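To start, the structure itself, in structure tokens.
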Amino acid sequence: MAAESSLPSGFGTRPWLVQGTRGERQTFMDSSDGSLHATIVPGMQGKTCLGCIHNGDWLLMLDESTSDCFLLHLSDDDDDPSKKIPLPPLHEPLESIQTCASLGVSPAQPDCAVVVSIVRVEEYTVERFLIHCRPGDQHWTKLESPKLCFPSLMISHRGQIYSFGASDSLFMIGDDNGTVQARRIGTLGGAKEEHDRSAMYYVVESCGDLFLVVTEQFGDFAEEGVLTGIMVYRLDLESMMWRRVHSIGSDHAFLVSGHYGYSVTMGQGAGGLVPQGNCVYLVLSSCDCERLYSVCLDDMTISFCQILPHPTEPCCRAF
């Protein structure tokens, strides 16, 4: 007999914010009305959520006590063995793990590869690199690649992974005859505005295009500031140019949290906390709560509301 669903009603039909903790219950926030649901998800109990891949369908999970690592697909059937894909043990310190992305059509396919960005900070040095594996591998392998200065800025797109480096360098990570390799494509052009305040960068895929969302914040810490401005750029891969845009479409909105950003159609997210298109919705921590900022690209107005009573770490939440 199938186990009773552990997920809230309506999960999977519209955007949800998942706050993953190592406790017994996880918090799910419904974007349609802002309601919070404390839910038991057996695959997440006692584990740390490192990030999400494949447009948020799969979570990269880690058991810090054993270094066991796996992909988890949140579904109604807790007994479905295909919802959990074992990966090699991951021995990197939690604070060194930045973000992740996947190669291939789906993590459920045997040719899928998972790529994780690592940033090791020592007393006087910072080491940045990528590691990768496939389901069934015995260990993670360091990716031999050109120097990547900002490995956390990477995203899956058309079966490849695009990574953005210093001086507007663009790298592509792909599968070459069974070997995961990275190569530098070139240098991106197009003028981007200078920022007087702390800036954060997010990459979003929407309708076959790549967008860069740049936020300005007032405050000393990147994750504890007040959002003061936002700019959106679309990447033209043919001309290798960034072009600022003031519309992402009245039928689409961007949802951004931590290192991850997603595009949703208004049919999925209309109403509630995501009421209109051509907007960017951004989750940020304040000193005493979790906020959802809304930036309307039509007139650049900014508003926010409280969505969680306590601030959280960016790595533990995802749409």
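The model shown is predicted, which means the values in this text are computed figures rather than measured ones.
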Option passing ring pair (Phe, Tyr, Trp, His ring centres under 6.0 Å) with Phe254 (candidates Tyr202, Phe211, Tyr293):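 Exactly one pass, corresponding to Phe211.
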For [X], enumerate each residue passing the side chain to side chain donor-acceptor pair (under 3.5 Å) test, keeping only those at least two apart in sequence or located in another chain.
X      : result
Asp68  : Thr66
Ser35  : Asp33, His37
Thr301 : Asp299

Is there a side-chain contact between [X] and [Y] in this structure, where contact means two heavy atoms from C-beta onward sitting under 4.5 Å apart?
X      : Y      : result
Val204 : Tyr260 : no
Gln98  : Ile118 : no
Cys305 : Arg291 : no
Leu210 : Tyr162 : yes
Glu290 : Gln306 : no

Full working for side-chain contact (heavy atoms from CB on, under 4.5 Å) between Leu17 and Ser257: CA-CA 9 Å; Leu17 182 70; Ser257 176; 4.2 Å; yes
Point-to-point distance, once rounded to the nearest 0.5 Å, from NE2 of His259 to OG of Ser117: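 If we round to the nearest 0.5 Å, His259:NE2 and Ser117:OG are 7.0 Å apart.
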Met200 CE to Leu282 CG distance, which is reported to the nearest 0.5 Å: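 Here the interatomic distance stands at 9.0 Å.
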Criterion side-chain hydrogen bond (donor to acceptor under 3.5 Å, both in side chains) on His252 and Ser206, from CA distance to verdict: CA-CA 8 Å; His252 280 79; Ser206 180; 4.6 Å; no
Distance flag, aromatic centroids of Trp242 and Phe164, threshold under 6.0 Å: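 Centroid separation for Phe164 and Trp242: below 6.0 Å.
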Backbone of Asp298 reached by a side-chain donor or acceptor of His246 within 3.5 Å: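 The answer is no, because no donor-acceptor pair under 3.5 Å joins these two groups.
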Donor-acceptor contact below 3.5 Å, side chain Asn278 vs main chain Ile248: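 Yes: the side chain of Asn278 pairs with the backbone of Ile248.
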Ring geometry between Phe28 and Phe11 (parallel below 30°, tilted from 30 to 60°, perpendicular above 60°):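 Perpendicular: the ring planes of Phe11 and Phe28 meet at over 60°.
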Sequence-distant partners of Glu127, side-chain contact (heavy atoms from CB on, under 4.5 Å), two or more places apart: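 Per chain and number, Glu127 pairs via side-chain contact (heavy atoms from CB on, under 4.5 Å) with Arg120, Phe129, Lys142.
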Worked verdict on Phe70 versus Lys47 for side-chain contact (heavy atoms from CB on, under 4.5 Å): CA-CA 10 Å; Phe70 59 92; Lys47 312 298 191 298; 4.2 Å; yes
The single option from Leu143, Leu90, Val180 passing side chain to side chain contact (heavy atoms under 4.5 Å, CB included) against Ile131: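 Option passing the side chain to side chain contact (heavy atoms under 4.5 Å, CB included) with Ile131: Leu90.
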Audit row: Thr39, Gln26, side-chain hydrogen bond (donor to acceptor under 3.5 Å, both in side chains) steps and yes/no: CA-CA 5 Å; Thr39 304; Gln26 319 302 319; over 6 Å; no
Summary of salt bridge (Lys or Arg N to Asp or Glu O under 4.0 Å) pairs that have at least one residue in residues 199-211, sequence neighbours excluded: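 Qualifying pairs, neighbours excluded: Asp209-Arg234.
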List, one per line, each side-chain donor-acceptor pair under 3.5 Å for residues 101-109, sequence neighbours excluded.
{"unit_1": "Ser106", "atom_1": "OG", "unit_2": "Ala108", "atom_2": "N", "d": "3.1"}

